[in-house]
Peer 1: 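My questions all concern the structure below.
Proteins come first, then strands; the chains are lettered A, B, ... in the order of their sequence lines, and each starts at number 1.
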Number of protein chains: 2
Amino acid sequence: MTRWLTDDELQAWLKLAGVMLKLSPALDSQLERDSDLTHFEYLCLAMLSEDEDHTLRMSQLATKANASLSRLSHVVKKLEARGLVVRTPCADSRRVTMVSLTEEGWQVLVAAAPGHVETVRCLVFDGLSPDEVDQLQKIAGHIVSQIDGANLSSVRR
Amino acid sequence: MTRWLTDDELQAWLKLAGVMLKLSPALDSQLERDSDLTHFEYLCLAMLSEDEDHTLRMSQLATKANASLSRLSHVVKKLEARGLVVRTPCADSRRVTMVSLTEEGWQVLVAAAPGHVETVRCLVFDGLSPDEVDQLQKIAGHIVSQIDGANLSSVRR
DNA sequence: CCAACATAGTTGAAGCATCAAGTTTCTTGG
DNA sequence: CCAAGAAACTTGATGCTTCAACTATGTTGG
């Protein structure tokens with residue numbers, strides 16, 4: 001028996017689908033215009049910048065950026081060609097690749113951040129109350145967990 | 001002066017970005033495996049099915065599916081090649097194209113729906129309270145409006 | 001009335017994302 | 001100890017999305 005969506009759920013779902021379909025392109029468009037970066041590329045640089053040494057394993061970065069290793073590998077190759085990032089073999093384990101932000105990568109990130117943050121503020125947070133920000137965090141966190149859980153359980157069987 | 005994000009906003013934002021990065025692929029993957037459809041293709045068929053005549057103008061469908069006319073045009077061409085949809089010129093205005101669900105398209109949609117709905121329920125709604133569904137609807141609706149508003153204002157100037 | 005503009009849609013090229021397959025390196029159960 | 005399997009990437013092909021450009025058709029201010 002299919003558990004259909006209630007009317008409220010359907011309304012909510014269509015809106016969420018709208019966010020997925022419109023927000024990504026909107027962010028890509030601003031970043032590409034102003035900084036020649038994809039939103040996903042920006043996210044990779046940002047995640048690297050949060051680490052003390054501006055350096056992470058590929059697989060750590062993939063987790064932080066919510067990406068597959070394959071997707072990340074292609075993007076890091078491109079960022080490395082642009083000089084924003086370098087890959088180095090890891091001393092401890094030879095199958096591990098470390099990625100680091102270069103000085104230039106850091107500069108590009110710093111230059112891109114204000115415009116990007118302003119865009120996120122305008123498109124997402126302007127007009128949301130602190131309560132709603134909290135609700136958004138909980139709900140989005142919940143969805144991400146469900147997806148991660150679903151992947152795990154399909155892998156385990 | 002950049003209006004940076006508060007810590008709560010940043011947490012919420014990273015989670016929302018996670019949803020965008022993980023939910024689309026998860027939906028595509030289920031639909032493609034079980035019904036040989038993209039989530040976006042499914043959405044187009046579903047929006048057509050909601051119309052009384054199973055028929056919409058390209059531009060109406062683009063609006064309902066939150067897509068650009070260009071994206072829609074490519075996808076409709078593909079769906080038409082598969083026989084799920086037909087395009088017909090409009091009698092009233094010669095620059096308008098109407099798209100209709102074929103009988104086969106309807107069958108494919110009906111066959112795909114239970115699995116897709118089940119996936120949406122598992123990944124999004126299971127574990128959400130009715131209040132949270134309502135909050136999600138409001139917040140996602142708000143974001144979509146902001147994006148639409150931003151596009152309008154950049155077009156108008 | 002018509003020139004200028006706007007609307008509706010299509011198309012081809014370029015760039016991303018995903019998938020499947022492959023390589024290399026580690027780990028572990030027998 | 002080693003064979004089998006898992007982990008950590010990389011790569012190439014395929015297909016989808018976007019962008020810019022184009023055609024064709026309507027609308028409207030002067």
Peer 1: Distance check needed: C:dA14 C1' versus A:D36 CG, whole Å only.
Peer 2: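 Going from CG in A:D36 over to C1' in C:dA14 covers 14 Å.
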Peer 1: Do B:H74 side-chain and C:dG9 base share a donor-acceptor contact under 3.5 Å?
Peer 2: no
Peer 1: Grab the CG-C1' distance between A:D92 and C:dC26 for me, whole Å please.
Peer 2: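 These atoms are roughly 13 Å apart.
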Peer 1: To the nearest Å, how far apart are A:L21 CG and D:dC16 C1'?
Peer 2: 13 Å
Peer 1: Using whole Å, report how far CG of A:L43 lies from C1' of C:dA17.
Peer 2: 15 Å
Peer 1: Closest-nucleotide mapping onto DNA chain D: is A:T97 or A:P25 further toward the 5' terminus? I mean the 5' end.
Peer 2: A:T97
Peer 1: Of B:E41 and A:M98, whose closest DNA chain D nucleotide lies nearer the 5' terminus?
Peer 2: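 Between the two, 5'-proximity favours A:M98.
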Peer 1: Look at the side chain of B:T38 against the base of D:dC16 and say whether a donor-acceptor pair falls under 3.5 Å; ignore hydrogens and angles.
Peer 2: no
Peer 1: Report the distance from atom CG of A:L69 to atom P of D:dT10, rounded to the nearest whole Å.
Peer 2: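 About 7 Å, once rounded to whole Å.
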Peer 1: Should A:S68 be listed as having a side-chain N or O under 4.0 Å from OP1 or OP2 of C:dA17?
Peer 2: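 No, outside the criterion.
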Peer 1: Could you please name the option among D:dC16, D:dT11, C:dA17 that lies closest to any side-chain atom of A:R71?
Peer 2: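 Taking heavy atoms from C-beta onward, the closest nucleotide is C:dA17.
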Peer 1: Would you kindly compare A:R94 and B:S73 by the position of their nearest DNA chain C nucleotide and give the one closer to the 5′ end?
Peer 2: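 Mapping each residue to its closest nucleotide by heavy atoms, the 5'-most match is B:S73.
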Peer 1: Which nucleotide in the set D:dT25, D:dT11, D:dT17 lies at the smallest distance from any side-chain heavy atom of B:V75?
Peer 2: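 Out of D:dT25, D:dT11, D:dT17, the nucleotide with an atom closest to B:V75's side chain is D:dT17.
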Peer 1: State the CE-CG distance between A:M47 and A:L101, to the nearest 0.5 angstrom.
Peer 2: 12.0 Å
Peer 1: Classify the side chain of A:R95 versus the base of D:dA7 as yes if they form a donor-acceptor pair under 3.5 Å and no if they do not.
Peer 2: yes
Peer 1: Is there a side-chain contact between A:H116 and A:H39 in this structure, where contact means two heavy atoms from C-beta onward sitting under 4.5 Å apart?
Peer 2: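 SC-SC contact between A:H116 and A:H39 confirmed.
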Peer 1: For the base of C:dT11, is there a side-chain donor-acceptor partner from B:S70 under 3.5 Å away?
Peer 2: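 By the distance-only test, yes, there is a pair.
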Peer 1: Please determine, for the side chain of B:V96, which listed nucleotide (D:dT18, C:dG9, D:dG26) has the closest atom?
Peer 2: C:dG9
Peer 1: Identify whether A:V124 and B:L5 are in the same connected component of the hydrophobic contact network (ILVMFWY, side-chain heavy atoms under 4.5 Å).
Peer 2: yes
Peer 1: Could you tell me whether a side-chain N or O of B:T102 sits under 3.5 Å from a main-chain N or O of B:G83, the two making a donor and an acceptor?
Peer 2: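 Here the side-chain-to-backbone pair exists.
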Peer 1: Would a distance-only check, ignoring hydrogens and angles, find a side-chain to backbone donor-acceptor pair under 3.5 Å from B:Q135 to A:L136?
Peer 2: no
Peer 1: With a 4.0 Å limit, can you tell me whether A:S59 has a side-chain N or O closer than that to the phosphate oxygens OP1/OP2 of D:dA7?
Peer 2: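 The answer is no; no side-chain N or O of A:S59 sits under 4.0 Å from OP1 or OP2.
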Peer 1: Take atom CG of A:L27 and atom C1' of D:dT18, then tell me their distance rounded to the nearest Å.
Peer 2: 15 Å
Peer 1: Between D:dT23 atom P and B:M58 atom CE, what is the distance in whole Å?
Peer 2: 19 Å
Peer 1: Taking only the side-chain nitrogens and oxygens of B:S93, find out if one of them lies under 4.0 Å from OP1 or OP2 of D:dT25.
Peer 2: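 Negative; the distance criterion is not met.
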Peer 1: If only atom types and distance count, is the side chain of B:D53 paired as donor or acceptor with the main-chain N or O of B:T55 below 3.5 Å?
Peer 2: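 Judged by distance alone, no pair lies under 3.5 Å.
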Peer 1: Whole-Å distance between C:dT18 P and B:R33 CZ?
Peer 2: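 It is 16 Å, rounded to the nearest whole Å.
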Peer 1: Which of the following nucleotides, C:dA17, D:dC19, C:dT11, is nearest to the side chain of B:K77?
Peer 2: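 Within the option list, the nearest is C:dT11.
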